[in-house]
Amino acid sequence: MTTLPPGSRYPLPRFPANFLWGVSTSAHQIEGAAAEDGRGPSSWDAFAAEPGRVKDGSNASVATDHYHRYPEDVALLKELGVDAYRFSVSWSRVLPDGAGAVNKAGLDFYDRLVDALCEAGVRPVPTLFHWDTPLALEQAGGWLERDTAYRFAEYVDVVAARLGDRVGRWITLNEPAELTLLGHALGAHAPGKRLLFDALPVAHHQLLAHGLAVEVLRGRGSGSIGIANSHGPTYAASDSKEDRGAADFYDLLLNRLFADPLLLGTYPDGIAEMLPGPVEEDLRLISQPLDWYGINYYQPTKVGAHDPSLPADFAGIEIPPEMPFSVHRLEGHQRTAFDWPVVPAALYELLVGFKEEYGDRLPPVVITENGCSYEGIDDQDRIRYLDGHLRALNDAMDSGVDVRGYFVWSLMDNWEWAEGYAQRFGLVHVDFDTLARTPKASFRWLRDELRAQR
Ligand code: IFM
């Protein structure tokens, strides 16, 4: 058995028998085969090709080569013993231009993957959009255009028609907050736009796309639908009115701008007036009941009023002076290789806070991502991270939050967007020269914990 992390109260507390254990990945970060079998380019291919956009100058054209090596990856999932695997479907692999002609070879790939998962006894949980907008749509305005939401619904119908007989759970979108903030407001992610507050339509159009996709999936009889939103507690840097105001504003951007319309059918005060389209009508679609609500949790954020003496960047992302807040370093916590603070208690706080805020409007929760970047194959820090967060999750469940599943980000090291290959989030190490997979200590730890749970 793996060496236990110091202070660990092995084994983990017992989770309910039907609790869904899984791991997550996304298409662009692992598939590679960027120009194979008719796949069309995406916004991230174009972004990575622009000099200076990705820290190590890399792109995801090979990534982990999962497109060819998926049988080996499915075998790893089986060995790990997870119930479910969350992956994403690349829209431009299925519809190379984002709309119109379907690429049969692209759909065939997901068909083979789903078959292999079912055969291995691992439930497929596809995410229908994880940031990789087909380039043709991006060039036509992308998520700034309402039309993109309707094209998304058509694409969802194509995927659901092909995979729906074997897929029991769908995730519409991954982290619309990041695509809005990092991709369109601050320009650190594809498509690299720095629109600041003019990025707001991107949030609304993604939420509309979610609502339309829910309609399509329900129409096809899909029982279980969720979304994966990133959320985290926000702490005010001080008790001053200015710092509390800035923290509220950040909380609105990351949490309420997405959770309120989905769960309450309203936007936070003052937002709806800034959005295009028949917003009230759209909100009815956006707030259709979900079977479960996915939360991606990584870290809390300490925020104060804009302060020019503080670094003008947050995790390497430049925050322009027009943004009415500054991010402070959260002292007193271990940090991951990505310099993110490790705060399991904030996961407890987030979940209990969500329950208090949304009450019965909050469907059962699934943690659709949680994980950390660390170097090395003997990754005791990752074990400690996961151990701590699972205990916090279990405490939240004891406090009455209905949590039905937990997915580790990520199955294997992959292409971490603007960070390139530098940040390693995997339970499985990938040698990016040889593409060899090596399970890390955390993989064996999780496998043993899952066996103990059963
Ligand atoms: O790698 C990403 C993933 O694509 C979305 N959620 C956060 C992860 C770590 O940054």
Side-chain angles (χ1 to χ4, degrees), residues 22-32 42-45 47-48 53-56 58-60 63-64 66 85-91 125-133 171-184 186 188-191 206 226-232 254-255 258 294-301 313-317 335-343 346-347 350 366-375 379 381-382 385-386 389 406-428 430 432 442:
V23 288
S24 295
T25 62
S26 89
H28 197 78
Q29 293 176 274
I30 64 167
E31 283 181 4
S42 79
S43 55
W44 269 97
D45 297 311
F47 185 74
R53 291 299 204 178
V54 176
K55 280 192 189 146
D56 59 6
S58 65
N59 60 50
T64 74
H66 172 75
Y85 173 51
R86 175 183 169 224
F87 60 96
S88 79
V89 177
S90 153
W91 183 349
V125 183
T127 304
L128 290 153
F129 178 67
H130 194 123
W131 298 353
D132 44 355
T133 311
I171 297 177
T172 54
L173 307 180
N174 176 73
E175 299 183 355
E178 270 65 19
L179 187 69
T180 309
L181 282 174
L182 303 183
H184 291 81
L186 302 177
H189 277 190
Q206 285 181 91
I227 185 169
N229 265 329
S230 62
H231 290 304
L254 181 66
N255 297 318
F258 297 90
I295 293 184
N296 296 356
Y297 168 75
Y298 288 91
Q299 55 177 315
T301 312
D313 79 290
F314 172 38
I317 294 160
R335 304 187 84 87
T336 70
F338 213 156
D339 203 27
W340 294 357
V342 178
V343 194
L347 174 59
L350 174 72
V366 173
I367 302 299
T368 32
E369 282 182 29
N370 178 234
C372 49
S373 157
Y374 284 113
E375 286 294 316
D379 55 343
D381 282 330
R382 179 170 288 103
Y385 180 101
L386 297 175
H389 284 79
Y406 175 87
F407 287 66
V408 177
W409 183 271
S410 180
L411 169 64
M412 56 188 161
D413 296 339
N414 55 49
W415 192 70
E416 176 58 26
W417 308 109
E419 295 291 315
Y421 291 104
Q423 302 296 339
R424 292 180 174 273
F425 278 86
L427 297 168
V428 174
V430 177
F432 290 112
S442 57

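Whatever order the structure lists ligands and atoms in, that order sets their numbers, starting from 1. Atoms considered below: every heavy atom in the structure, side chains included; atoms not considered: hydrogens, waters and symmetry mates. Quick caveat, the model's predicted, so the values are computed rather than measured. Starting from 1, each residue takes its place in the sequence as its number.
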Practice prompt. May I ask you to check whether Asn174 and Thr127 show a side-chain donor-acceptor distance below 3.5 Å?
Written response: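 No - no donor-acceptor pair under 3.5 Å links their side chains.
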
Practice prompt. Could you verify whether a donor N or O on one side chain and an acceptor N or O on the other, from Asn414 and Thr64, lie under 3.5 Å apart?
Written response: no

Worksheet entry | Part of Trp340 within contact of ligand 1 (heavy atoms, under 4.0 Å) |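 Just the side chain.
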
Worksheet item: Quick one: does ligand 1 sit under 4.0 Å from the side chain of Glu178, the backbone, both or neither, non-hydrogen atoms only?
Response: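 Neither part.
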
Just which atoms of ligand 1 are under 4.0 Å from any heavy atom in [X]?
| X | answer |
| --- | --- |
| Glu369 | 3 (C), 5 (C), 6 (N), 7 (C), 8 (C) |
| His130 | 3 (C), 4 (O), 5 (C) |
| Glu175 | 5 (C), 6 (N), 7 (C) |

N/O of [X] under 3.5 Å from N/O of ligand 1, yes or no?
| X | answer |
| --- | --- |
| Gln29 | yes |
| Trp131 | no |
| Trp417 | yes |
| Glu416 | yes |

Worksheet item: Any side-chain heavy atom of Trp409 sitting closer than 4.5 Å to one from Tyr298?
Response: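 Answer yes - side chains close enough.
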
Worksheet entry | Ile171 side chain near Arg86 side chain, heavy-atom distance below 4.5 Å |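 Contact flag for Ile171/Arg86 side chains = yes.
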
Fill in: For atom 8 (C) of ligand 1, closest protein heavy-atom neighbour
Tyr298 OH, 3.4 Å

Practice prompt. Please step through ring-ring contact (aromatic ring centres under 6.0 Å, His included) for the pair Trp131 and His28, ending with a clear verdict.
Written response: CA-CA 8 Å; Trp131 298 353; His28 197 78; over 10 Å; no

Response to the item:
Test ring-ring contact (aromatic ring centres under 6.0 Å, His included), reference Trp415, set Phe425, Trp44, Phe432, output is Trp44

Discussion item. I'd like to know if Arg424 pairs up with Glu416 as an ion pair, taking the criterion as any Lys NZ or Arg NE/NH1/NH2 lying under 4.0 Å from an Asp or Glu carboxylate oxygen.
Written reply: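 Not counted as a salt bridge, because no side-chain N and carboxylate O are separated by less than 4.0 Å.
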
